[in-house]
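Take a look at the structure below.
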Amino acid sequence: MDDAASAAGPPSLTHRLILGDCLDILPTLAAGSVDVVVTSPPYNLGIAYRSYDDRLAEEAYLDWLCRVAEQIRRVMAPDASFFLNIAGSSNAPWLPFELIVRLRRLFVLQNHITWIKSIAIDRGAAGVDSVGHFKPVGGQRFLHHNHEHIFHLTLSGQVKLDRLAIGVPFKDKSNIARRGHAQDLRCRGNTWFIPYETVKSRAQKFHHPSTFPVALPRWCIRLHGKAQASVLDPFMGTGTTILAARLEGASGIGIELDPSYLAVARERLGAEPG
Ligand SMILES: C[S@@+](CC[C@H](N)C(=O)[O-])C[C@H]1O[C@@H](n2cnc3c(N)ncnc32)[C@H](O)[C@@H]1O
């Protein structure tokens, strides 16, 4: 294990970037010590990661992720939130659902958020607004995949959230007084439109095949609503979650198998090379 501690945030907050297999590292973390987990594991779709082979037999993949989830459960505080971002594909459409059903013995599914990466909105005579990027799917059987899942898992199903921390203004302002709201802010609901930034080269995506935008973990951390939370990403990749933690005034622990991706995370966080 190569543990590169970084104090790139405010002095009381630490951001630890750890090189290793999360199944080896998670058991070394204290039980009940984490407030928010935001992670996107490999999806078993044959993505070309540098170290990890993303092509396991389906049963082996599901068993493996369940073992990781058991360790995540162990390190979660009683009122912690676990935001699990995952998607299927046209060839493996059941996979995210198979996984979430298996996780039922460990967690309560408190919210199911749909992360919308791209959307076309019909505006009548004004035409159609098409916003956001997605990877096109060829052929004539399948639609492009414009969304992914974010499963919000908790230990009790009773975790209070700060819904207005990621709230949106009321469309109809008369609702504010009529429904007794203190401010022009309402819960945004469980569809989150977070587009990828437009990039022109792989370098702008840190030479990593499957990052998520930093707004995604930022919204999760904000929604959980705990000041100076302790955030964990056991499949850290390029460090997006830990960067989000720092931007949200939270501590972070990121675990990543591949030294190159860990090096990118260090660079993004302004951490000393390990
Ligand atoms: C979907 S990517 C995460 C990307 C990340 N959200 C980001 O924005 O950069 C999954 C990552 O998990 C890493 N990984 C795979 N198996 C792992 C393991 N056993 N322990 C730690 N990391 C692992 C892969 O190398 C890959 O970088």
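Positions are given from 1, in the same order as the sequence printed here. As the structure lists them, so they are numbered: ligands from 1, and atoms in each ligand from 1. These values consider heavy atoms only, across backbone and side chains, with no hydrogens, waters or symmetry-generated copies.
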| request: Flag the pair W192 / F212 as yes when their ring centroid distance falls below 6.0 Å, and as no otherwise. | output: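 Centroid separation for W192 and F212: 6.0 Å or greater.
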| message | Are F83 and H224, when compared by the centres of their aromatic rings, separated by less than 6.0 Å? | response | no
| Aromatic ring pairing H149/F151, orientation class (parallel under 30°, perpendicular over 60°, tilted between) | parallel
| request: Indicate yes or no: at least one non-hydrogen side-chain atom of L13 is less than 4.5 angstrom from one of R246. | output: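 Not in contact.
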| Neighbour count above 12 (heavy atom, 6.0 Å) for E197 CD | no
With the criterion set at N/O pairs under 3.5 Å, what does the list of contacts between the protein and ligand 1 look like, atom names and distances included?
unit_1   : atom_1 : unit_2 : atom_2 : d
ligand 1 : 8 (O)  : F212   : N      : 3.1
ligand 1 : 8 (O)  : T240   : OG1    : 2.6
ligand 1 : 9 (O)  : T238   : N      : 2.8
ligand 1 : 9 (O)  : T238   : OG1    : 2.7
ligand 1 : 19 (N) : D21    : OD1    : 3.0
ligand 1 : 20 (N) : C22    : N      : 2.9
ligand 1 : 22 (N) : L257   : N      : 3.3
ligand 1 : 25 (O) : E256   : OE2    : 2.7
ligand 1 : 27 (O) : H208   : NE2    : 2.9
ligand 1 : 27 (O) : E256   : OE1    : 2.9
ligand 1 : 27 (O) : E256   : OE2    : 3.4

| Which pairs, with at least one residue in residues 155-169 and sequence neighbours excluded, count as a side chain to side chain donor-acceptor pair (under 3.5 Å)? | none
